[in-house]
**Q** 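Below you'll find the structure I mean.
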Amino acid sequence: CNMLNILIADDNIYYVKNLVNFVISKNSNIKIVNIASTGLEVLRAIQENPNIDLMLLDLKMPELNGIKTLDKLYDMNLSHYPNILVISGENNLIKKIVNHPLVTDFVNKSDDMITVYNKLLNYEKQLKFSNSKEELSKKISSELIYIGYNPSHLGTQYIKECILEIYEKNCSEYSQNLENYLYKQIAFSHGKSFQNVKSNIIKATNFMYAESDMSILKNYFHFNDNKRKPTPKIVISTILSKL
């Protein structure tokens, strides 16, 4: 589901009402899941709902202001943090949290609703991209496991990254130039040597060939005989054709 789940943290009920009504009238994929009027309510809401994608945070709130709320949240060491869009008209307060690790963006409270809404649209697009990439990753993993790759093998992870990279860049030429481009790029991103990545991919592919049902490989790769061995290049190009 690509619905953007939002928590609004603001004690100004009139501002919140206007914002909620504006957003609801514009986009059914943006869902207001909670409204908090104090910092303490924010902390409870975040703990109770790990599916919040974005929090709109006012910095002036009773009990626990926005700045202290951010610090408390950071100290909680959660496995998942929502994006945090600070909405405030207090420039002196914004300066205090401009480099806070949890804050992803700012908007001035005096800005019109369309400005805030456009920010929300950007987060919705990011969420859609993230979800589609996750689905794509699952599909590739499923294909690799089906033909016999061991999902826990490092080489399987590397070959999956090769497929993702080619698919996302929409450049089939990369599959013809694995060693000079993709292997080196993956090696760099993992802090490994080119030879380490190449070796692990070959080992994972050899394991796949040894463990897989030959009839599956023959049908999957359209081989004419049961003894032909798929190379990483063939594996990558074949899975790409199925995505």
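These figures come from a predicted structure and were not determined experimentally.
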**Q** Would you tell me whether D112 and T115 have side-chain atoms, one donor and one acceptor, within less than 3.5 Å of each other?
**A** yes
**Q** Testing N65, I67, L93, D11 one by one against K60 for a side-chain contact (heavy atoms from CB on, under 4.5 Å), which residue passes?
**A** L93
**Q** If you take all heavy atoms of I163 and I140, which pair is closest and at what distance?
**A** CG2-CD1, 3.5 Å
**Q** Please say whether more than 12 non-hydrogen atoms of neighbouring residues, nucleotides or ligands are located less than 6.0 Å from NZ in K95.
**A** no
**Q** Check whether more than 12 heavy atoms from other residues, nucleotides or ligands sit under 6.0 Å from atom CG of N92, and answer yes or no.
**A** yes
**Q** L85 versus L120: any side-chain heavy-atom pair under 4.5 Å?
**A** yes
**Q** Can S212 and Y149 be counted as having a side-chain donor-acceptor contact under 3.5 angstrom?
**A** no
**Q** Side chain of N18, backbone of Y14: donor and acceptor closer than 3.5 Å?
**A** yes
**Q** Is a side-chain N or O of T104 found less than 3.5 angstrom from the main chain of I84, in a donor-acceptor match?
**A** yes
**Q** Ring-plane angle category for Y117 and F22, please: parallel below 30°, perpendicular beyond 60°, tilted otherwise.
**A** perpendicular
**Q** What pairs meet the side chain to side chain donor-acceptor pair (under 3.5 Å) rule with one or both residues in residues 72-88, with sequence neighbours excluded?
**A** none
**Q** Look up atom CG in L154 and atom CG in N150, then write down how far apart they are to the nearest 0.5 Å.
**A** 11.0 Å
**Q** Does K138 offer a backbone N or O that forms a donor-acceptor pair with the side chain of S142 under 3.5 Å?
**A** no
**Q** For residues N122 and N118, is any side-chain donor paired with an opposing acceptor at under 3.5 Å?
**A** no
**Q** Around atom NZ of K109, are there more than 12 heavy atoms from other residues, nucleotides or ligands closer than 6.0 Å?
**A** yes
**Q** Determine, for K139 against E135, whether the closest basic-nitrogen to carboxylate-oxygen distance falls under 4.0 angstrom.
**A** no
**Q** Report yes or no: do V86 and L19 belong to one cluster of Ile/Leu/Val/Met/Phe/Trp/Tyr joined by side chain heavy-atom distances under 4.5 Å?
**A** no
**Q** Taking E211 for its side chain and F207 for its backbone only, find out whether a donor-acceptor pair lies under 3.5 Å.
**A** no
**Q** I'd like to know if L64 and L78 are part of one continuous hydrophobic network [Ile/Leu/Val/Met/Phe/Trp/Tyr, side-chain heavy atoms within less than 4.5 Å].
**A** yes
**Q** Closer than 3.5 angstrom, by distance alone: can the side chain of N5 be matched with the main-chain N or O of N51 as a donor-acceptor pair?
**A** yes
**Q** Any chance you could lay out the side chain to side chain contact (heavy atoms under 4.5 Å, CB included) test for T69 and T38, step after step, and finish with the verdict?
**A** CA-CA 9 Å; T69 300; T38 73; over 6 Å; no
**Q** Which atoms form the tightest heavy-atom contact between L4 and L127, and what is the distance?
**A** CA-CD2, 3.8 Å
